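These notes concern the structure reproduced below.
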Number of protein chains: 2
Amino acid sequence: MQVIILNILFMTQNNQPKYRSNCPISSALDIIGDKWSLLIIRDMMFANKKTYSDFSKSSEGIATNILSSRLLMLEQLGLINKGKLEGNKKTNIYSLTKKGQELLPIILEIAQWSDKNLNEHLKDGAKPFVHKFKSNKDDFIKNMYHYFATREA
Amino acid sequence: MQVIILNILFMTQNNQPKYRSNCPISSALDIIGDKWSLLIIRDMMFANKKTYSDFSKSSEGIATNILSSRLLMLEQLGLINKGKLEGNKKTNIYSLTKKGQELLPIILEIAQWSDKNLNEHLKDGAKPFVHKFKSNKDDFIKNMYHYFATREA
DNA sequence: AATTATTACTTGCATATTGCAAGTAATTAA
DNA sequence: TTAATTACTTGCAATATGCAAGTAATAATT
């Protein structure tokens, strides 16, 4: 019996994550409903961050123990992969799986919501980005997926 | 100086909520980046829940103290309103503000993501709903906003 | 070859948040 | 007049998060 306790979800005896209900919204929140998971994903998507130390340098200042547990959880749930570059045995390279990449529309809708509803305190830097997303969401998302793919190669 | 401590965000001396950074994604997560806030919003949107006891009967089983603090936070941040029905001095009626209603696209994208990526354990009941959303997102959202408006009247 | 730096963590402990059970005060219903 | 409902609060235990320091392996520098 695996005893790894993840911070949000945890594994039952049969090694299945335990969800609060079978509602799709609730179940997603069991995974990404916290302050940090989506920020790690954000940094992978938009800042091309790949390594533990990359993530630990986020402007929000994630604690290393939280980072560690989140990376493990995201990996176990299949949102990210953990790998190495050849010729380097030290540095772990984290990358988004398809399942992880597909969080993009959620993140973009969040950005759009904030842009509209929280802009008293937000910097204007994200405005052109959000504006472009709004003008043609499907294209924007398609282009981002293509960008993810080319980045890997 | 107001000393109300909200569970996620908290107020500074000048009564402004304190965000971790000025990133739109991080700032939204300062508000809705927890396991419960979006579930309350979900219940208001899709189950037409309005009262404290409505919310306390969610299938995920929110604790009443958490419910209480979340309702207060959502109200203070302008995502929901608190009111009464005339002729009833007891029951509080909570309703979504525009700011709160506009979380709909986020929630729908979350539902779509779960439908695709978590469906081992999800019930099929939400499938037609998600399918309809996918077929024409803009229309779907417009119809939902219209539904919210007519419900109030 | 030896020292230093970097990377990816873990550990311990304090603080904050959540979960649970019980209690309360103000209505409203029987 | 009593009972039930509603909207909470309170106390305490359990979890999760935050912070500082430590560690082991690898890689870079001298």
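Below, chain A is the first sequence line, B the second, and so on; all start at residue 1. Values below: every heavy atom of this structure, side chains too, minus hydrogens, waters and symmetry copies. Because the structure is predicted, anything quoted here is derived from the model rather than measured.
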Inset, instruction - Apply side chain to side chain contact (heavy atoms under 4.5 Å, CB included) to Lys49(B) and list each qualifying residue two or more places apart in sequence or on a separate chain. - result: Asp43(B), Ala47(B), Asp54(B), Phe55(B), Ser58(B)

Inset, instruction - Apply the test salt bridge (Lys or Arg N to Asp or Glu O under 4.0 Å) to residues Lys137(B) and Glu109(A): give CA-CA distance (whole Å), side-chain angles for both, the deciding distance (0.1 Å), then the verdict. - result: CA-CA 12 Å; Lys137(B) 293 186 178 184; Glu109(A) 290 294 345; over 6 Å; no

Inset, instruction - Output the single nucleotide from dT18(C), dG11(D), dT17(D) whose closest atom is nearest the side chain of Asn65(B). - result: dG11(D)

Legend entry - Residues in side chain to side chain donor-acceptor pair (under 3.5 Å) contact with Ser114(A), at least two apart in sequence or another chain: none

Inset, instruction - Verify the contact: side-chain N or O of Asn92(B) to OP1 or OP2 of dC8(D), cut-off strictly under 4.0 Å; return yes or no. - result: yes

Legend entry - Residues that Lys50(B) engages under side chain to side chain donor-acceptor pair (under 3.5 Å), provided they are two or more places apart: Asn48(B)

Legend entry - Nearest-angstrom distance from the residue atom CG of Leu72(A) to P of dA16(D): 14 Å

Legend entry - Sugar-phosphate only, base, or nothing, as touched by Lys84(B) at under 4.0 Å among non-hydrogen atoms: nothing

Inset, instruction - Using whole Å, report how far CZ of Arg70(B) lies from C1' of dT18(C). - result: 9 Å

Legend entry - Distance, rounded to the nearest Å, where Arg20(A) contributes CZ and dT18(C) contributes P: 11 Å

Legend entry - dT17(C) phosphate, OP1 or OP2, under 4.0 Å from Trp36(B) side-chain N/O: no

Inset, instruction - Could you go through the side chain to side chain contact (heavy atoms under 4.5 Å, CB included) check for Ile32(A) and Trp113(B) one step at a time? - result: CA-CA 11 Å; Ile32(A) 56 165; Trp113(B) 181 85; 5.6 Å; no

Inset, instruction - Taking only the side-chain nitrogens and oxygens of Tyr94(A), find out if one of them lies under 4.0 Å from OP1 or OP2 of dT7(C). - result: no

Inset, instruction - Using only side-chain N and O atoms of Lys35(B), determine if any of them is under 4.0 Å from OP1 or OP2 of dG19(C). - result: yes

Legend entry - Leu67(A) CG - dC19(D) P separation (whole Å): 14 Å

Inset, instruction - List in chain and number order the residues that pass side chain to side chain contact (heavy atoms under 4.5 Å, CB included) with Asn143(B), two or more places apart in sequence or in another chain; answer none if no residue qualifies. - result: none

Legend entry - Glu102(A): partners by salt bridge (charged side-chain N to carboxylate O under 4.0 Å, His left out), with sequence neighbours left out: Lys98(A), Lys116(B)

Inset, instruction - In whole angstrom, give the distance that lies between atom CG of Asp30(A) and atom C1' of dT15(D). - result: 15 Å

Legend entry - All pairs passing side-chain hydrogen bond (donor to acceptor under 3.5 Å, both in side chains) where residues 123-133 of chain B contributes a residue, at least two apart: Asp115(B)-Lys127(B)

Inset, instruction - Identify, with sequence neighbours excluded, every residue that meets side chain to side chain donor-acceptor pair (under 3.5 Å) alongside Gln101(B). - result: none

Legend entry - Protein-nucleotide distance (Leu85(B), atom CG; dT6(D), atom C1'), rounded to Å: 13 Å

Inset, instruction - Could you tell me which residues satisfy side chain to side chain donor-acceptor pair (under 3.5 Å) with Thr64(A), sequence neighbours excluded, listed by chain and number? - result: none

Legend entry - Sorted by number, the residues of residues 41-63 of chain A with heavy-atom contact under 4.0 Å to DNA chain C: Thr51(A), Tyr52(A), Ser53(A)

Inset, instruction - Please report how far the helix from dA1(C)-dT30(D) to dA30(C)-dT1(D) bends, comparing the axis fitted to its first five pairs with the axis fitted to its last five, to the nearest 10 degrees. - result: 10°

Inset, instruction - Quickly work out the Ile66(A) CD1 to dA20(D) P distance and round it to whole Å. - result: 14 Å

Legend entry - Separation of atom CD1 in Ile40(B) from atom P in dT18(C), rounded to whole Å: 11 Å

Inset, instruction - For Lys84(B), check salt bridge (charged side-chain N to carboxylate O under 4.0 Å, His left out) against everything at least two apart and list the hits. - result: none

Legend entry - Qualifying residue, where the test is side-chain contact (heavy atoms from CB on, under 4.5 Å) with Phe140(B) and the options are Leu108(B), Val130(B), Leu104(B): Leu108(B)

Inset, instruction - Starting at the 5' end of nucleotides 21-30 of chain D, put B wherever the base has a protein heavy atom under 4.0 Å, S where only the sugar-phosphate does, and a dash everywhere else. - result: B---BBS---

